[in-house]
A.B. asks: 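Structure provided below as structure tokens; questions to follow.
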Protein chains: 2
Amino acid sequence: MRHVAALAGVGVKTVSRVINGEPNVSAATIAKVEAAARTLDYQPDLHAGNLRRADGRTRTLGLLVGSVDNPFSGAVHRAVEDAALARGVSVFASSLDDDPDREQEAVSAFLRRRVDGLILTTISESQAYLAPELRRGTPVVFVDREPAGLTSDAVVSDNSDGAALATRHLLEHGHRRIAYLGDRHDIQTARERHRGYLDELGRAGVSTRGQQVVEGLHDEATSRAATLALFDVPNPPTAIFSSQNLVTIGVIRALRELGRQHDTALVGFDDVPLGDLLEPGVTVVAQNPQAIGRIAAERVFARLDGDASVAARTIVPTRLLERGSGEIAPRAEG
Amino acid sequence: MRHVAALAGVGVKTVSRVINGEPNVSAATIAKVEAAARTLDYQPDLHAGNLRRADGRTRTLGLLVGSVDNPFSGAVHRAVEDAALARGVSVFASSLDDDPDREQEAVSAFLRRRVDGLILTTISESQAYLAPELRRGTPVVFVDREPAGLTSDAVVSDNSDGAALATRHLLEHGHRRIAYLGDRHDIQTARERHRGYLDELGRAGVSTRGQQVVEGLHDEATSRAATLALFDVPNPPTAIFSSQNLVTIGVIRALRELGRQHDTALVGFDDVPLGDLLEPGVTVVAQNPQAIGRIAAERVFARLDGDASVAARTIVPTRLLERGSGEIAPRAEG
DNA sequence: TGTCGCCTTGACAACGATGTCAGGGATAGG
DNA sequence: CCTATCCCTGACATCGTTGTCAAGGCGACA
């Protein structure tokens with residue numbers, strides 16, 4: 001800026017005025033400054049300005065997701081970005097791989113960079129460590145998973161309800177041996193989905209005792225192996241409820257290998273790419289990551305604009321997409 | 001930091017020393033400062049430090065991709081993030097939707113935030129506008145697409161070669177009417193793939209005149225419509241080469257609708273999620289987005305570490321994945 | 001015991017910008 | 001012609017941090 005001022009033959013403050021479009025600068029001066037700025041390819045330093053600026057906003061947002069190459073996370077990210085773009089806000093994204101240590105580090109990295117707000121998919125047991133930051137006025141919105149040890153806005157799917165919906169769908173198609181394949185138990189949504197599954201069995205008066213329940217699955221490989229193991233017992237399940245997209249994919253692979261994709265029902269939680277093009281099509285309880293991301297970003301901006309209402313939990317509905325795999329009838333018993 | 005200093009009863013510079021782990025601070029002082037910092041939940045302001053720090057690094061990277069919710073972009077993003085994490089660098093990501101105006105805006109937003117380096121999937125006709133920034137010493141690495149009007153590092157797939165590989169594969173399976181479905185002609189990789197396709201037909205002595213070539217496809221919907229139209233002529237193609245992942249998905253949908261997925265060969269450029277689980281499996285020329293992202297990030301960091309060698313183009317090999325759709329024989333002619 | 005040198009510490013300027021404020025020129029009104 | 005007002009402009013302090021430098025305290029060594 002000093003250089004631009006020198007080249008234009010004006011003071012730095014005048015350059016600042018022109019750059020920021022402040023009033024009361026003569027047309028001739030504006031022209032001189034703009035010419036100088038163009039000549040020097042000047043880009044103002046937003047961070048330096050921020051140091052002094054009244055509102056102290058960096059026009060920056062921090063987003064924490066499972067992994068930026070997971071389709072669910074990607075959709076959330078894109079929705080957040082679109083909302084941010086309209087306000088000239090840039091987005092930092094970080095992948096957690098559901099590792100609590102990475103969460104702490106990433107949040108800390110964001111705070112040191114003075115992001116205006118945080119949108120988080122948490123994995124740590126408690127987010128109480130964010131309380132001071134929240135008090136300081138940084139909006140924090142949780143997506144996909146609800147916070148623990150802290151009260152703040154959250155935008156989530158109805159996990160237990162969605163899981164119950166999936167389970168009911170299988171029950172209605174006559175299944176009584178419905179295996180549950182789930183993610184790690186330290187993930188809140190996984191627990192919720194597990195609960196929804198158990199509750200629905202209970203409501204239907206179906207014993208939860210005889211059901212095969214496998215938790216702790218986190219990727220395609222472990223899920224595939226677990227599915228293969230399901231069929232190593234005398235009375236294998238006639239239906240499977242898989243509680244996460246990567247788990248669902250592992251199940252599909254295993255069923256193909258066993259040649260059982262047409263005689264074992266499957267409903268997944270969270271949509272699977274091209275799920276409608278597989279044979280059979282994959283019946284899923286689909287979430288709405290676009291809406292989740294958009295609403296979360298809107299919450300953050302509303303808070304920044306002064307909305308001081310109490311923290312709210314927004315539930316984004318899930319939807320059952322019947323595509324074939326969930327409508328397979330139970331095998332006739334031997 | 002003033003507050004921490006006051007609470008600890010020391011000077012600000014001493015706090016700075018403790019925070020940055022500089023030597024020559026007594027153990028007692030370190031303890032006092034750390035206690036005060038913990039009490040106040042102090043997070044140093046990285047940007048303020050940067051203003052004064054000698055190296056002027058923000059430990060920040062800007063990444064421009066087609067869209068953060070495209071699987072190819074997501075994989076690149078994740079690889080860049082992993083490389084950055086190891087160096088304490090945070091990543092800004094922006095989606096372009098292949099819109100040149102958004103490119104300019106996003107780059108400008110990154111530069112105003114003083115990113116240490118840029119990793120770009122460009123869409124603008126010329127990137128000459130980056131020359132001053134490059135001279136200023138900001139490393140710029142192009143991924144997926146090569147720069148025009150500017151010389152800088154690039155990490156790309158061999159597009160024409162991959163397209164030729166796909167075309168040759170179809171020729172070897174006996175096809176002579178091979179339709180080309182491609183992306184917008186203003187995208188450099190699309191032009192390259194188109195060229196590879198034509199060149200290979202030429203090498204095989206197959207006339208390019210009678211082939212159906214459709215360009216300007218950019219999403220599933222337009223691709224699906226274009227595919228349906230291919231079959232509205234007397235002698236429809238017996239094989240299709242689709243030059244991009246979304247285009248490939250549109251083709252698959254259309255072929256299903258027509259019931260021709262088992263009698264029309266298909267090879268796609270760029271992998272499709274779950275492509276191996278479809279029936280038939282989707283034969284593709286797969287790129288390696290993980291390697292592209294990783295190598296690009298390594299180039300940026302090497303430049304930041306002082307590597308001043310001439311700009312290099314790194315070509316990441318493509319790989320033909322035979323899964324069924326590309327190995328379908330031509331229909332017997334009437 | 002005096003001097004030297006090391007360790008520890010803080011005062012101060014500076015990074016690149018903006019908020020505040022005051023000064024100077026032009027214009028209008030008395 | 002003088003003065004009040006408005007417009008335009010730049011000097012200066014400041015944001016939160018780090019680089020520089022000098023000073024004070026203490027132990028070691030002659």
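Computed from heavy atoms alone, side chains included, the values below leave out hydrogens, waters and symmetry copies. Residue numbering restarts at 1 for every chain, and letters A, B, ... go by the order of the sequence lines. Predicted, not measured: the structure shown is a model, and the values here were computed from it.
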A.B. asks: What pairs of residues pass the salt bridge (charged side-chain N to carboxylate O under 4.0 Å, His left out) test when at least one of them lies in residues 109-118 of chain A, not counting sequence neighbours?
C.D. replies: A:Arg114-B:Asp45

A.B. asks: Output the rounded distance in Å from CZ (B:Arg114) to C1' (C:dC15).
C.D. replies: 12 Å

A.B. asks: Which salt bridge (charged side-chain N to carboxylate O under 4.0 Å, His left out) pairs, counting each pair once, include a residue from residues 129-140 of chain B, with sequence neighbours left out?
C.D. replies: B:Glu133-B:Arg136

A.B. asks: Does anything in residues 47-61 of chain B come within less than 4.0 Å of DNA chain C? Heavy atoms only, and list the residues if so.
C.D. replies: B:Leu51, B:Arg52

A.B. asks: I'd like a table of donor-acceptor pairs (distance under 3.5 Å, sequence neighbours excluded) in which one partner is a side-chain atom from residues 21-30 of chain A, with atom names and distances.
C.D. replies:
from, atom 1, to, atom 2, distance (Å)
A:Ser26, OG, A:Thr29, N, 3.2
A:Ser26, OG, A:Thr29, OG1, 2.7

A.B. asks: So B:Thr151 and B:Val310, do their side chains get closer than 4.5 Å, heavy atoms only?
C.D. replies: no

A.B. asks: Taking atom P of D:dG16 as reference, at what distance in whole Å does atom NE2 of B:His3 sit?
C.D. replies: 8 Å

A.B. asks: Can you name the ring pair (Phe, Tyr, Trp, His ring centres under 6.0 Å) partners of A:Phe142, sequence neighbours left out?
C.D. replies: none

A.B. asks: Whole angstrom is fine here: how far is it from CZ in B:Arg113 over to P in C:dA17?
C.D. replies: 15 Å

A.B. asks: Enumerate the residue pairs fulfilling ring-ring contact (aromatic ring centres under 6.0 Å, His included) with a member in residues 97-139 of chain B, sequence neighbours excluded, ordered by first and then second residue.
C.D. replies: B:Phe92-B:Phe110

A.B. asks: Would you mind reading off the distance between B:Arg112 atom CZ and C:dA17 atom P, rounded to a whole angstrom?
C.D. replies: 12 Å

A.B. asks: Take the C1' atoms of the five end pairs on each side of the helix from C:dT1-D:dA30 to C:dG30-D:dC1, derive the two axes, and give their angle rounded to 10 degrees.
C.D. replies: 60°

A.B. asks: Is the shortest side-chain N to carboxylate O distance from A:Arg294 to A:Glu298 below 4.0 Å?
C.D. replies: yes

A.B. asks: To the nearest angstrom, how far is B:Leu111 atom CG from C:dG16 atom P?
C.D. replies: 16 Å

A.B. asks: Mind calculating the distance between CZ (A:Arg2) and C1' (D:dC12) to the nearest angstrom?
C.D. replies: 13 Å

A.B. asks: Rounding to an integer number of Å, can you tell me how far A:Asp45 CG sits from C:dA14 C1'?
C.D. replies: 14 Å

A.B. asks: Taking OP1 and OP2 of C:dT8, is either one under 4.0 Å from a side-chain nitrogen or oxygen of B:Thr29?
C.D. replies: no

A.B. asks: Please list, by residue number, the residues of residues 13-25 of chain A whose heavy atoms come closer than 4.0 Å to an atom of DNA chain D; answer none if no residue qualifies.
C.D. replies: A:Lys13, A:Thr14, A:Arg17, A:Asn24, A:Val25

A.B. asks: Scan residues 26-62 of chain B for pairs that pass ring-ring contact (aromatic ring centres under 6.0 Å, His included), counting only residues two or more places apart or in two chains.
C.D. replies: A:His47-B:His47

A.B. asks: For residues 65-77 of chain A, please give each side-chain donor-acceptor pair under 3.5 Å, one per line with the distance, not counting sequence neighbours.
C.D. replies:
from, atom 1, to, atom 2, distance (Å)
A:Ser67, OG, A:Asp69, N, 3.3
A:Ser67, OG, A:Asp69, OD1, 2.6
A:Ser67, OG, B:Arg78, NH1, 2.8
A:Asn70, OD1, A:Phe72, N, 2.8
A:Ser73, OG, A:Ser67, O, 3.2

A.B. asks: Just jot down the side-chain hydrogen bond (donor to acceptor under 3.5 Å, both in side chains) partners of B:Arg145, sequence neighbours excluded, or say none.
C.D. replies: B:Asp98

A.B. asks: Applying ring-ring contact (aromatic ring centres under 6.0 Å, His included) as the test, list every pair that has at least one member in residues 48-70 of chain B; sequence neighbours left out.
C.D. replies: none

